[in-house]
Colleague: 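Would you mind keeping the following structure in view while I ask a few things?
Index from 1, following the sequence.
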Amino acid sequence: MRLLLIRHGQTPSNLKHLLDTEAPGPALTPLGQEQAAALPQALAAEQIDALYASPLVRTQLTAAPLAAATRLEVQIRDGIRELAAGDLEMRGDDDAGALYLTTAFAWSEGDTGRRMPGGENGVEALGRFDTVVAEAAGTGAETVAMVSHGAMIRTWVAARAANVDVAYASSHPLGNTGIVVLSGSPDQGWQALLWEEHPLGPEGAFPEDSGPAGAAAPTR
């Protein structure tokens, strides 16, 4: 299966560097709306068979233009929502951000029993995302797009893709509407083919002119 993991468009909380993870969450900024509108063209070469989004408003607004272009129903799944910040919710200081990402990437390295302060642990966070990916794979869809969240995508890919480690994921933030493309299955494992504009798999793994560079923009 070809799996396209798409971060949502820019939100006001992104501009303020806030750990904003609770539902329903903010809508998109005007720039975020433009980023979402650019996704259909950026992914025009992809034959997307199924489209998923988290319950948060920002992912559904990001998915809407792609849904209209592909005539696919957006399937809402709680499992691909953002990593819950718990006691760090709505903090924007450096200490909170560092603790949040340190905990998340510890999960990717196998310390899944560690718990986000006041929030979930790695077993719960990675497991819920695994469940949605397994559901999508079970449908027989060849290409699946999931509009999710930056920390969730980076943490899951670092944990599940054979060719992406924590060092890479932690040093490569995913911009708003940035895309990670993977190939594989829950049974056989996953290989990342592209991280935004950076090829990670075999040459030519991502169709020419269909990359996310036109849709992606800096996170801040």
Colleague: Under 3.5 Å, which donor-acceptor pairs link side chains of residues 153-160 to any protein atom two or more places apart or in another chain?
Modeller:
from: Arg154; atom 1: NE; to: Ala169; atom 2: O; distance (Å): 3.0
from: Arg154; atom 1: NH2; to: Ala169; atom 2: O; distance (Å): 2.8
from: Arg154; atom 1: NH2; to: Ser170; atom 2: O; distance (Å): 3.2
from: Thr155; atom 1: OG1; to: Ala151; atom 2: O; distance (Å): 2.8
from: Trp156; atom 1: NE1; to: Asp130; atom 2: OD1; distance (Å): 2.7
from: Arg160; atom 1: NE; to: Asp130; atom 2: OD1; distance (Å): 3.1
from: Arg160; atom 1: NE; to: Asp130; atom 2: OD2; distance (Å): 3.3
from: Arg160; atom 1: NH2; to: Asp130; atom 2: OD2; distance (Å): 2.7

Colleague: Please list all pairs meeting side-chain hydrogen bond (donor to acceptor under 3.5 Å, both in side chains) that have one or both residues in residues 94-111, counting only residues at least two apart or in different chains.
Modeller: Asp111-Arg114
Colleague: For Ala192, does its backbone N or O pair with a side-chain atom of Asn163 as donor and acceptor, under 3.5 Å?
Modeller: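 The answer is yes, because a donor-acceptor pair under 3.5 Å joins these two groups.
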Colleague: Any side-chain heavy atom of Leu66 within less than 4.5 Å of one from Ile6?
Modeller: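 Leu66 reaches Ile6 side chain to side chain.
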Colleague: Looking at Ala141 and Asp49, what are the two nearest heavy atoms and their distance?
Modeller: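 Of all heavy-atom pairs spanning Ala141 and Asp49, the closest is CB-CB, 3.8 Å.
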Colleague: Looking only at non-hydrogen atoms, find the nearest pair between Ser183 and Leu193 and report the distance.
Modeller: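 For Ser183 versus Leu193, the nearest heavy atoms are CB-CD1, 3.9 Å.
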Colleague: So do the side chains of Leu4 and Thr143 get within less than 4.5 Å of each other, counting heavy atoms only?
Modeller: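 In short, these two side chains touch, coming nearer than 4.5 Å.
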Colleague: How close do Ala136 and Tyr52 get, heavy atom to heavy atom, and via which atoms?
Modeller: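 Nearest pair, atom of Ala136 first, then Tyr52: CA-OH, 3.5 Å.
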Colleague: Looking at NZ of Lys16 and OG1 of Thr11, how far apart are the two atoms once the value is rounded to the nearest 0.5 Å?
Modeller: 9.5 Å
Colleague: Quick one: closest heavy-atom pair of Pro40 and Ala69, and the distance?
Modeller: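 So the minimum-distance heavy-atom pair works out to CB-CB, 3.7 Å.
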Colleague: Does Leu28 share a hydrophobic cluster with Ile76, counting links as ILVMFWY side-chain heavy atoms below 4.5 Å and allowing steps through other members?
Modeller: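 Different hydrophobic clusters.
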Colleague: Show the numbers, then the answer: is there a side chain to side chain contact (heavy atoms under 4.5 Å, CB included) between Gln35 and Gln10?
Modeller: CA-CA 8 Å; Gln35 292 166 338; Gln10 187 191 71; 3.6 Å; yes
Colleague: Given side chain to side chain contact (heavy atoms under 4.5 Å, CB included), test Gln75 with Val132 step by step and report yes or no.
Modeller: CA-CA 10 Å; Gln75 302 183 63; Val132 182; over 6 Å; no
Colleague: Glu196 side chain to Gly175 main-chain N or O, any donor-acceptor pair under 3.5 Å?
Modeller: yes
Colleague: How would you list, by chain and number, every residue that makes a salt bridge (Lys or Arg N to Asp or Glu O under 4.0 Å) with Asp87, sequence neighbours excluded?
Modeller: none
Colleague: Which atom pairs, one a donor and one an acceptor, fall under 3.5 Å between side chains of residues 54-62 and the rest of the protein, sequence neighbours left out?
Modeller:
from: Ser54; atom 1: OG; to: Leu56; atom 2: N; distance (Å): 3.2
from: Ser54; atom 1: OG; to: Thr59; atom 2: OG1; distance (Å): 2.9
from: Ser54; atom 1: OG; to: His149; atom 2: NE2; distance (Å): 2.9
from: Arg58; atom 1: NE; to: His8; atom 2: NE2; distance (Å): 3.3
from: Arg58; atom 1: NH2; to: Asp20; atom 2: O; distance (Å): 2.7
from: Thr59; atom 1: OG1; to: Ser54; atom 2: N; distance (Å): 3.2
from: Thr59; atom 1: OG1; to: Ser54; atom 2: O; distance (Å): 3.0
from: Thr59; atom 1: OG1; to: Leu56; atom 2: O; distance (Å): 2.9
from: Gln60; atom 1: NE2; to: Ser54; atom 2: O; distance (Å): 3.3
from: Gln60; atom 1: NE2; to: Pro55; atom 2: O; distance (Å): 2.9
from: Thr62; atom 1: OG1; to: Gly9; atom 2: N; distance (Å): 3.0
from: Thr62; atom 1: OG1; to: Arg58; atom 2: O; distance (Å): 2.7

Colleague: With side-chain hydrogen bond (donor to acceptor under 3.5 Å, both in side chains) as the rule and sequence neighbours excluded, what pairs involving residues 65-74 come up?
Modeller: none
Colleague: Examine distances only and state if a side-chain atom of Ser13 and a backbone atom of Leu18 form a donor-acceptor pair shorter than 3.5 Å.
Modeller: no
Colleague: Taking all non-hydrogen atoms of both residues, which atom of Ala67 and which atom of Val74 are closest, and how far apart?
Modeller: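 Shortest heavy-atom separation between Ala67 and Val74 comes out as CB-CG2, 3.5 Å.
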Colleague: Okay, side chain of Arg128, backbone of Arg81: is any donor-acceptor separation there less than 3.5 Å?
Modeller: yes
Colleague: Identify the two heavy atoms, one from Thr29 and one from Pro12, that lie closest to each other, and give their separation to 0.1 Å.
Modeller: CG2-N, 3.5 Å
Colleague: According to a 4.5 Å side-chain heavy-atom criterion applied to Ile, Leu, Val, Met, Phe, Trp and Tyr, with indirect links allowed, do Leu126 and Leu3 form part of one hydrophobic cluster?
Modeller: yes
Colleague: Whether the side chain of Ser148 engages the backbone of Ile80 through a donor-acceptor N/O pair (distance < 3.5 Å, no angle test) should be reported.
Modeller: yes
Colleague: Who passes ring-ring contact (aromatic ring centres under 6.0 Å, His included) against Tyr168, sequence neighbours left out?
Modeller: His172, Trp195
Colleague: Walk me through whether Met152 and Leu5 qualify under side chain to side chain contact (heavy atoms under 4.5 Å, CB included).
Modeller: CA-CA 10 Å; Met152 181 76 256; Leu5 301 181; over 6 Å; no
Colleague: Would you say Glu120's side chain and Ala84's backbone share a donor-acceptor pair under 3.5 angstrom?
Modeller: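 Yes.
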Colleague: Do Ile179 and Leu39 have side-chain heavy atoms sitting under 4.5 Å apart?
Modeller: yes
Colleague: Could you walk me through whether Glu22 and Met90 pass the side chain to side chain contact (heavy atoms under 4.5 Å, CB included) test, one step at a time?
Modeller: CA-CA 9 Å; Glu22 292 183 350; Met90 297 307 290; over 6 Å; no
